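None of the values given here were measured: they were computed from a predicted structure. Chain letters run A, B, ... following the sequence lines, proteins first and then strands; every chain starts at 1.
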Number of protein chains: 2
Amino acid sequence: MQQLNQTPQPENLDAVFAALADPTRRAILTRLANGDASVNELAEPFCMSQPAVSKHLKVLERAGLVERAIDKQRRPARLKAEPMREAVKWLEEFSKFWSSSFDQLDDLLEELKKSES
Amino acid sequence: MQQLNQTPQPENLDAVFAALADPTRRAILTRLANGDASVNELAEPFCMSQPAVSKHLKVLERAGLVERAIDKQRRPARLKAEPMREAVKWLEEFSKFWSSSFDQLDDLLEELKKSES
DNA sequence: TTGCTGCATAACCGTATGGTTATATAATAA
DNA sequence: TTATTATATAACCATACGGTTATGCAGCAA
């Protein structure tokens, strides 16, 4: 069935961020959050050929963000958003780190600048 | 057909996610959170040629995540993390949307599965 | 001047993207 | 059986990545 090891590996983090770096794929993910969709159902609203959508789905699959099911001839895509948590986690970690070093520094510099003029 | 969406600047969002999709660049960002660094200062710990680092910095600049200063012959890189907030925002929006539809559904299905056996 | 340092840029390589059209395959419908 | 549907795959194209080495060039130091 599906593999349950969601170990936060940097390797997959690469694939997740790369998958999110395309507007069509982000739109596909948003669409899938509304429910499973077949390739053709995805191809139509995005004004894009069927093979193009299949390729995008492959990228999303590789990132673990999408799973394919089987329903007669259809292979509906299903959202699997857990890998996104890795991305969120990295960004939040970084944001935490950064905001404690640079945010305050920027604010400080801004204050110094003001008081200087 | 929907596209009722929440993304403010999709173009830059592409560049930000793409920039984050490489482990070296994420490491560079983390390093820069500790303070500005010159190209050579970055190249050394990453066991990478200087032109390679320059290329990574260019990708980061294009995403707005890094600015270059001028200090004599050096061009120290400085972290500008604001664009990351766009990425965080997209992921949080999505996460919110998703967790209210799929998380609960997955939990529900998991429960059903257990009680079924 | 000469020379060193820090960085950028060019040229190249192999591979991946993002798209296309054309074709193959597999399941269903008639 | 044949035809249709849904999807995958192949082949192709242009561009971008991620790395290399080689080279150029500006800023300092002698």
> Could you tell me the separation between the CZ atom of A/R25 and the C1' atom of C/dT17, rounded to a whole number of Å?
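Distance, rounded to whole Å: 8 Å.
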> Between P on C/dG6 and CD on B/E41, what's the gap in Å once rounded to a whole number?
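The answer, rounded to whole Å, is 9 Å.
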> Closest approach of A/A15 and A/A63, non-hydrogen atoms and distance?
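Closest approach of A/A15 to A/A63: O-CB, 3.6 Å.
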> For the side chain of B/K55, counting heavy atoms from C-beta on, which of C/dC7, C/dC12, C/dT21 is nearest?
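So the side chain of B/K55 is nearest to C/dC12.
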> Would you say B/R68 reaches C/dA8's phosphate, i.e. side-chain N/O to OP1/OP2 under 4.0 Å?
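Indeed, a polar side-chain atom of B/R68 lies that close.
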> Using whole Å, what does the distance between atom P of nucleotide C/dG6 and atom CD of B/E44 come to?
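After rounding, the gap between these two atoms is 12 Å.
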> Check the distance between C/dG6's P and B/K72's NZ and give it to me in whole angstrom.
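Nearest whole value for this atom pair: 12 Å.
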> Of all nucleotides in DNA chain D that come within under 4.0 Å of a heavy atom of chain B, which is furthest toward the 5' end and which toward the 3' end?
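Endpoints of the contacted stretch of DNA chain D: D/dC17 to D/dC28.
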> Could you note down all residue pairs passing salt bridge (Lys or Arg N to Asp or Glu O under 4.0 Å) where residues 57-66 of chain A supplies at least one of them, sequence neighbours left out?
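Found A/E61-A/R68.
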> For A/R62 and C/dT17, is the shortest distance between a side-chain N/O and OP1 or OP2 below 4.0 Å?
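For A/R62, the contact criterion (side-chain N or O under 4.0 Å from OP1 or OP2 of C/dT17) is met.
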> Hey, which of these two, A/D71 or A/A21, hits DNA chain C nearer its 5' end, going by closest nucleotide?
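Per heavy-atom nearest nucleotide, the more 5' residue is A/A21.
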> If you take all heavy atoms of B/A19 and B/L60, which pair is closest and at what distance?
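That closest heavy-atom pairing would be CB-CD2, 4.0 Å.
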> How close or far is atom P of C/dG6 from atom CG of B/L57, stated in whole angstroms?
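Answer to the nearest Å: 16 Å.
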> Measure from CE on A/M48 to C1' on C/dG18 and round the result to the nearest Å.
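Spelled out: CE on A/M48 to C1' on C/dG18 is 8 Å.
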> With a cut-off of less than 4.0 Å, is there a side-chain N or O of A/S49 near OP1 or OP2 of C/dT21?
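No, A/S49 has no side-chain N/O under 4.0 Å of OP1/OP2 on C/dT21.
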> Measure from the side chain of B/Q73, starting at C-beta and using heavy atoms only, and say which of C/dG6, C/dC12, C/dA22 lies closest.
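Closest of the options to the side chain of B/Q73: C/dG6.
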> Rounded to whole angstrom units, what separation is found between the CZ atom of A/F17 and the P atom of C/dT17?
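Those two atoms, CZ and P, are 16 Å apart.
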> With a cut-off of less than 4.0 Å, is there a side-chain N or O of A/H56 near OP1 or OP2 of C/dG19?
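So the side-chain polar atoms of A/H56 do come within 4.0 Å of the phosphate oxygens OP1 or OP2 of C/dG19, strictly under.
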> Taking atom C1' of C/dA16 as reference, at what distance in whole Å does atom CG of B/D22 sit?
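Whole-Å distance recorded here is 13 Å.
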